[in-house]
Amino acid sequence: MASKIEGTGPVVGIVLGSDSDLPVMEEAVKVLRDFGVPFEIGVISAHRSPRRAVDYAATAEERGLQVIIAGAGMAAHLPGVLAACTCLPVIGVPLQGGALNGVDALYAIVQMPPGVPVATVAVNGALNAALLAIQMLSLGDAGLRRQFRAYKERLAEEVAVKSASLQAKMQQ
Ligand code: RP5
């Protein structure tokens, strides 16, 4: 069974606080491409272009998006501001960098006040952000869910191969 979203418009919005965030956020792009999930990507800063941030989130649902992934570093308010302005789920990716090396971004993204959740992944966890977005989309898409199950099976196979290879090495 094919995924329902194959060939549709973007269903995931990836938002970067700066183009300097691209090297890490490209990991999310790669995962979404591998799963055939249509996405859009852009740079919006909660601090440098706050009006654009509000407009983007406020119109995201009517543009067909179902999940937003927002990556930002330092005082990372972007995911929270987007979450404040949309009913769509927002996944925040704290990015490493600056004097505090990503701890600042982690705290800024994870410590949302009651009522406005942001699903926060690890520092630089763009890959997991894309997987979580796919799991959310999978709830209403059996084709995508099947792809995700196959992905998890591949993960388990990789561990089994590594274990066998380690065992073999130790017996030499
Ligand atoms: C944040 O400030 C961005 O998300 C980026 O991680 C950091 C530095 O931005 P640039 O000065 O490189 O544009 O808002």
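Numbering starts at 1 and runs along the sequence shown. In listed order, ligands and their atoms are each counted from 1.
Residue-to-ligand polar distances keep D19 apart from ligand 1: every N/O pair is separated by 3.5 Å or more. Ligand 1 has an N or O atom lying under 3.5 Å from an N or O atom of S18, backbone or side chain. For the pair S45 and ligand 1, the shortest N or O to N or O distance does not fall below 3.5 Å.
Within the 4.0 Å heavy-atom criterion, neither part of L95 lies near ligand 1. Only the side chain of S20 comes within 4.0 Å of ligand 1, judged by heavy-atom distances. At a heavy-atom distance under 4.0 Å, only side-chain atoms of R48, from C-beta outward, approach ligand 1.
Nearest protein heavy-atom contact of atom 3 (C) of ligand 1 is D21 OD2, 3.4 Å. Of the protein's non-hydrogen atoms, M74 SD, 3.9 Å is the one closest to atom 7 (C) of ligand 1.
Closest heavy-atom approach to atom 1 (C) of ligand 1 within the set G98, A70, G73: this belongs to G73.
Between K30 and D34 a salt bridge is recorded (basic side-chain N to carboxylate O distance below 4.0 Å).
With R52 contributing its side chain and I44 its backbone, the two residues share no donor-acceptor pair below 3.5 Å. Using a distance-only test at 3.5 Å, with no hydrogens or angles considered, no donor-acceptor pair links the side chain of K169 to the main chain of A164. A donor-acceptor pair under 3.5 Å is absent between the side-chain atoms of S45 and the main chain of V43, judged by distance alone.
Counting all heavy atoms, side chain and backbone alike, A46 lies closest to A53 at CA-CB, 4.4 Å.
Heavy-atom neighbours of R63 CZ from other residues, nucleotides or ligands within 6.0 Å: above the threshold of 12.
Note: S20 OG to M25 CE = 11.5 Å, rounded to the nearest 0.5 Å.
Atoms of ligand 1 found under 4.0 Å from any heavy atom of A72, numbered from 1 in the order shown, are 4 (O).
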